[in-house]
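Written below as structure tokens is the structure these notes are about.
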Protein chains: 2
Amino acid sequence: MKSSQTTIKDIARRLNLSVTTISKALRGMPDISAPTRQLILDTAREMEYEPNPIAQSLVRNQTHTIGVIIPSFTIPFYASAISGIQQTASEAGYNIMVCQSNESYETETNYTRVLLNSRVDGLIVSLARETTNFDHFNRLAERSLPLVLFNRVCDAVPASKVVVDDFEGAYQVVRHLIEMGCRRIAHIAGPANLLLSRQRLQGYQQALQESGLPVCEDFIRTGDLTIASGTRITEDFLKLDTSPDAIFAICDSAAFGAMQTLKSRGLRIPDDIALAGFTDEPVAAIVEPALTTVAQPTFEIGQIAAQLFLDQVRGGESYQPTTQVLKTHLVIRASSQKKSRVS
Amino acid sequence: MKSSQTTIKDIARRLNLSVTTISKALRGMPDISAPTRQLILDTAREMEYEPNPIAQSLVRNQTHTIGVIIPSFTIPFYASAISGIQQTASEAGYNIMVCQSNESYETETNYTRVLLNSRVDGLIVSLARETTNFDHFNRLAERSLPLVLFNRVCDAVPASKVVVDDFEGAYQVVRHLIEMGCRRIAHIAGPANLLLSRQRLQGYQQALQESGLPVCEDFIRTGDLTIASGTRITEDFLKLDTSPDAIFAICDSAAFGAMQTLKSRGLRIPDDIALAGFTDEPVAAIVEPALTTVAQPTFEIGQIAAQLFLDQVRGGESYQPTTQVLKTHLVIRASSQKKSRVS
DNA sequence: ATGAAAGCGCTAACAA
DNA sequence: TTGTTAGCGCTTTCAT
């Protein structure tokens, strides 16, 4: 005996009214008399009626569900960003369905398909590291489905975007390293297909140039944002004839990798070599020495991404994609504060 | 001009067949002739037909969606567990909808309602820290909806459960501390409503008793699993007349808090005071000194939780809840290896 | 082997 | 103000 949920029909039968009347009353349409409406509302509550969103989805052709694709749940940045997305979405009556691409292009396209088949109302996405083809997203635009990119975005897709000012963030932290007396600053870069990699690289270069420091190719190596790439590239740096006196890593993970290598070589941070990252993951404050880094408003990035999504839903065809650029702020910790300079 | 998706009806019209025939052929029912079936399959592919799961849900009364409620996305344990859940669910054709309770009872009940209203096929849950009333979950059983609890479980709910052997894990790590020469081992405990808190506490007590060490009430303080509670409780420990020579924290977060306090007091870890946690978060290997801890198979826990869910779906009414207890393993790092004892 | 008809729970034109 | 009818896309008896 399956105790199925109360439906609009049950209420209609009980009250000897038509389902239409019930439906209208429940949704507060104006053409139902006050007493009838009250009666229906009371009865619905008494019978513990809950509308079936599946049926509503079928007729309205929208699910109130947002598909979200992120590279990985285990990157703290995304954990926080999802929280922000969910909060804003939830307040607007939307559910989210989150999938992780595991940095794989194939998995990303696959989940794009799965989510669309599940009839989500649109997508909020942060690109996989290896994604360089964007056809699967362009197809969204063709169907005029909302799409918002955040953090890992690219130029090739016409969609609303949420990013931080990567250029400025990188510029500031490298300026800081220079002010601390560093003159040979190396950079662990990220995959060139990601806009943020290029912009952080440019901020780094700009800061060097403005201070009259040379931009040396040997001091720039491209990694894949992982701890492992941080350790590997740092080893390379240390093999150079003149090794760097500071390293600016594209992200905190790479910086942690660098930190491991430096420590294992017996180098003192920051006295022998200073270190800085990007994002300000919670761990950055805990490692030793605590990591100087560029803080991003991770939760807020998620909230804004969701908000842009909702705007797009409401704007309909006339909606014009926008790009929101948020500010970062420099967090100076022990890994960059050379004792020799402390006055 | 809305370019709506191809439907079964479109195929029927094109082929001059009934929708019934299309539906049957598409689902591989046996009563369709081979040539017709092939024709339908080919046409469907050509027209890029994708079944509408909303319509299927409506008629089948199941959504192939699992609701997941976790305390927080930003706890690394859950990030990894979700990955496991998603992988297994995904392979079985299920989507997941993940919500975070933020450790709040109210948010947890709220999302339970939201997910049920969204007609998920059941729930996979890890309890909020403050949850002590379980009516919202018992209601699931009444509707005979599948429910799986993991990690943060309780006795009061009749459901399948996935946990690790918390008693044994705690027992082993405390034994290890004793072997390292510690004699005054304190414990930062967790909320008593969580089974895992009680079991880790018991493992701790058992290890002490077996070694003939006293179980001292002053050395046991209950926190809330946070870094902050770790710092606070450690400060309390240090105020005691005889302060501990080791601290076993209920989780890594609490251990990190303890580490901060100890360092700020100038105490050397492990020589002045040894430290151990539970879970083996990625950070545990990075902090200094690296944290001795009890590793949990986080990803696998998620996989098994999803598997139990699927079993329950397939088992139907006759399904009997089971509890899977996974093994932990001790990870010994610098925070517990007293130099004085290294031979 | 194929199809007609009813129905899942709801909304929306259009009547009455 | 209330009700009738049709339909969203699909599955499922039950005929033919």
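To find a chain, count down the sequence lines: A is the first, B the second, and so on, and within it residues start at 1.
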Find the distance between OG1 (A/Thr112) and CG (A/Asp135) and round it off to the nearest 0.5 Å. 11.5 Å
Quick one: A/Ile8 CD1 to C/dG7 C1', roughly how many Å, whole number? 16 Å
I'd like to know if the side chain of B/Lys161 reaches the main chain of B/Cys154, judged simply by a donor and an acceptor atom lying under 3.5 Å from each other, with no hydrogens or angles considered. yes
Mapping B/Thr21 and B/Ala55 onto DNA chain C by nearest heavy atom, which one lands closer to the 5' end? B/Thr21
Gap between atoms NZ and P, on A/Lys9 and D/dT4 respectively (whole Å): 14 Å
Roughly how many Å is it from CD in B/Gln62 to P in D/dC10, rounded to a whole number? 16 Å
Any protein N or O atoms within reach of nucleotides 12-16 of chain D? Criterion: under 3.5 Å, listing atom names and distances.
| residue | atom | partner | partner atom | Å |
| --- | --- | --- | --- | --- |
| D/dT12 | OP2 | B/Arg27 | NH1 | 2.9 |
| D/dT12 | O4 | B/Thr20 | OG1 | 3.3 |

Answer yes or no: is there a donor N or O on one side and an acceptor on the other, between the side chain of B/Asn102 and the main chain of B/Ser104, under 3.5 Å? no
From CD of B/Gln5 over to C1' of D/dC10, roughly how many Å is that when rounded to an integer? 14 Å
Is B/Gln86 reaching over with its side chain to a backbone N or O of A/Gln100, donor-acceptor style, under 3.5 angstrom? yes
Does a side-chain N or O from B/Thr7 land closer than 4.0 Å to OP1 or OP2 of D/dG9, or not? no
Value in whole Å for how far the C1' atom of C/dG9 lies from CG of A/Leu26: 12 Å
Which part of the nucleic acid, if any, lies within contact of A/Ile54, taking any heavy atom under 4.0 Å across all strands shown: a base, the sugar-phosphate backbone alone, or nothing? nothing
Establish, with yes or no, whether the OP1 or OP2 oxygen of D/dG3 is under 4.0 angstrom from a side-chain nitrogen or oxygen of A/Ser18. yes
Please set out all donor-acceptor pairs under 3.5 angstrom arising from side-chain atoms of residues 297-308 of chain A, sequence neighbours excluded.
| residue | atom | partner | partner atom | Å |
| --- | --- | --- | --- | --- |
| A/Thr298 | OG1 | A/Ser80 | OG | 2.6 |
| A/Gln307 | NE2 | A/Asp311 | OD1 | 3.2 |

Distance check needed: C/dG9 C1' versus B/Gln56 CD, whole Å only. 17 Å
Using atom CG of B/Leu17 as one end and atom P of D/dC10 as the other, report the distance to the nearest whole Å. 16 Å
For residues A/Tyr105 and A/His136, establish whether the separation of their ring centroids is below 6.0 Å. yes
I need the CZ-C1' distance between B/Arg13 and D/dG9, as an integer number of Å. 12 Å
Helical bend (five base pairs per end, nearest 10°) for the helix from C/dA1-D/dT16 to C/dA16-D/dT1: 50°
What contact category does B/Leu58 fall into here, base, sugar-phosphate, or nothing, at under 4.0 angstrom with non-hydrogen atoms? base
So, do A/Thr6 and A/Ile11 sit near enough that their side-chain heavy atoms are less than 4.5 Å apart? yes
pair B/Phe150-B/Ile85: side-chain heavy atoms closer than 4.5 Å: yes
Those residues of residues 32-51 of chain B lying under 4.0 Å from DNA chain D by at least one heavy atom: B/Tyr49, B/Pro51
Residues passing the ring pair (Phe, Tyr, Trp, His ring centres under 6.0 Å) test with B/Tyr94, sequence neighbours excluded, are B/His64
Would a distance-only check, ignoring hydrogens and angles, find a side-chain to backbone donor-acceptor pair under 3.5 Å from A/Ser57 to A/Pro53? yes
Side-chain heavy-atom pair B/Val153, B/Leu127 within 4.5 angstrom cut-off: no
What pairs of residues pass the side-chain hydrogen bond (donor to acceptor under 3.5 Å, both in side chains) test when at least one of them lies in residues 115-132 of chain B, not counting sequence neighbours? A/Glu50-B/Asn117, A/Asn95-B/Ser118, B/Thr63-B/Asp121, B/Tyr78-B/Ser126, B/Glu108-B/Thr131
